[in-house]
S.K.: 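One structure follows; several queries about it will come next.
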Amino acid sequence: MNAPSLDLVLALEHEAVWTYGLVGGAVPSLRSAAEAAWRAHRTERDRLLREVKEPVPPQPAYEPTTVAGEAEARERLQDLEGRIAAAWVRVVGEALTGKDRQDALSRLEAAETARLAWGGALVAFPGLDA
Amino acid sequence: MLAAGGVQAAGRWDDVARWAGIDPVPRPTDADRALLAEAAEDQAALVALASGGDPALLALLSEQLDALGGSATGASPSTAPLSVALAASAELRTNQALEADSPDLARTLGSIAVGLRVLAGTTA
């Protein structure tokens with residue numbers, strides 16, 4: 001796939017791998033779910049590292065570098081998955097082939113499903129709602 | 001049913017894209033106008049079916065219909081169960097997103113498709 005916003009998706013996947021690691025380590029009640037999500041995002045990050053021509057590197061850490069408890073973690077993960085959904089909806093418009101657009105739509109749906117699983121509210125326009 | 005003026009009301013989906021900071025495309029192609037009209041008509045049938053049910057669901061579906069420039073006034077409701085109708089419309093909106101020429105229309109239709117699929121899952 002050749003879409004400028006894949007850089008943004010990759011940057012967010014770096015953040016996701018870091019953030020799910022943080023949550024899994026800091027919030028015992030979310031450890032199992034966070035670990036499953038961490039694995040999925042790591043796989044996606046590695047896929048994008050192979051796909052993006054000049055991949056952006058991860059940051060050393062992502063602010064805030066701590067998480068105080070389950071409620072704060074859930075809120076943070078909703079925000080993160082919402083930003084990933086927003087990045088994928090950009091890719092939907094940039095994709096040059098139907099297959100790539102379909103792929104972007106599938107990944108948009110996965111991010112929206114994850115956002116809801118962490119407690120996000122239903123919205124009319126996943127990835128486009130502010 | 002499309003509102004009077006049909007796709008002249010199409011500027012609403014540009015508005016949706018603009019909320020996300022995406023520049024709108026000012027002139028839809030004829031093919032995109034047809035897609036938009038088809039999407040609005042189908043969405044109006046969904047809104048008609050959902051009327052009288054869960055107000056939160058109706059609000060979300062109506063918001064989507066508004067973005068497509070349509071109106072539920074006089075629309076014939078789908079005869080399928082709501083969850084089935086939502087899933088069918090999600091599939092239709094996905095195909096419309098794949099066919100759209102305008103990147104912004106593709107984004108809007110694709111976003112609505114995902115929203116409908118999620119709603120279908122919650123109403124099953």
Side-chain angles (χ1 to χ4, degrees), chain A residues 1-9 11-12 33 37 40 44 74 77-130, chain B residues 12-25 32 43 46-47 50 54-68 86-87 90-123:
Chain A
M1 187 189 299
N2 183 15
S5 292
L6 280 184
D7 282 346
L8 174 59
V9 178
L12 288 166
E44 177 66 356
R74 284 183 178 278
L77 295 174
Q78 289 168 40
D79 172 72
L80 174 62
E81 295 291 355
R83 286 184 287 126
I84 292 172
W88 276 116
V89 88
R90 284 179 172 271
V91 176
V92 167
E94 295 170 354
L96 297 177
T97 69
K99 178 182 175 300
D100 286 349
R101 192 175 280 183
Q102 177 70 69
D103 183 57
L105 283 171
S106 297
R107 292 174 197 284
L108 164 62
E109 183 173 350
E112 177 64 2
T113 301
R115 189 186 68 79
L116 294 170
W118 292 115
L122 291 166
V123 295
F125 304 102
L128 288 174
D129 274 309
Chain B
R12 288 288 294 115
W13 58 264
D14 282 350
D15 290 346
V16 173
R18 209 173 295 130
W19 294 338
I22 298 166
D23 293 334
V25 175
D32 276 356
Q43 187 79 25
L46 263 188
V47 170
D54 178 4
L57 172 66
L58 180 60
L60 291 172
L61 295 175
S62 298
E63 195 178 339
Q64 293 169 341
L65 176 59
D66 188 40
L68 296 171
L86 285 166
E91 191 63 28
L92 181 60
R93 222 64 84 243
T94 297
N95 291 332
Q96 290 161 342
L98 294 176
E99 290 177 29
D101 294 323
S102 158
D104 284 333
L105 183 58
R107 288 175 176 123
T108 302
L109 290 169
S111 173
I112 292 174
V114 170
L116 291 174
R117 194 164 288 114
V118 167
L119 290 173
T122 61
T123 57

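Since this is a predicted model, take the numbers as computed values, not measurements. Chain naming here is simple, since letters A, B, ... match the order of the sequence lines and numbering starts at 1 in each.
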S.K.: Heavy atoms only: give me the nearest A:Arg90-B:Arg107 pair and the separation to one decimal.
M.R.: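 In terms of heavy atoms, the two residues are closest at O-NH2, 3.0 Å.
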
S.K.: Whether A:Asp103 and A:Lys99 form a salt bridge (side-chain N of Lys/Arg under 4.0 Å from carboxylate O of Asp/Glu) is what I want to check.
M.R.: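 Looking at A:Asp103 together with A:Lys99, the answer is no, because their closest N to O distance does not fall below 4.0 Å.
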
S.K.: Using heavy-atom distances under 4.5 Å, tell me whether B:Ala56 contacts chain A through its side chain, its backbone, both, or neither.
M.R.: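 Looking at B:Ala56, nothing touches chain A.
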
S.K.: Tell me, for A:Glu112 versus chain B, whether the close heavy atoms (under 4.5 Å) come from the side chain, the backbone, both or neither.
M.R.: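 The answer is the side chain of A:Glu112.
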
S.K.: Find out whether A:Pro126 and A:Val123 are in side-chain contact, i.e. whether some heavy atom of one side chain is under 4.5 Å from a heavy atom of the other.
M.R.: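 A side-chain contact exists here, since the closest heavy-atom pair is under 4.5 Å.
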
S.K.: Just by modelled atom types, is the B:Asp104 backbone N or O under 3.5 Å from a matching donor or acceptor in the B:Thr108 side chain?
M.R.: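 Indeed, once roles are kept as given, a pair shorter than 3.5 Å links the two residues.
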
S.K.: Quick one: what part of B:Ala59 sits under 4.5 Å from any heavy atom of chain A, side chain, backbone, both or neither?
M.R.: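 Interface part for B:Ala59: neither.
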
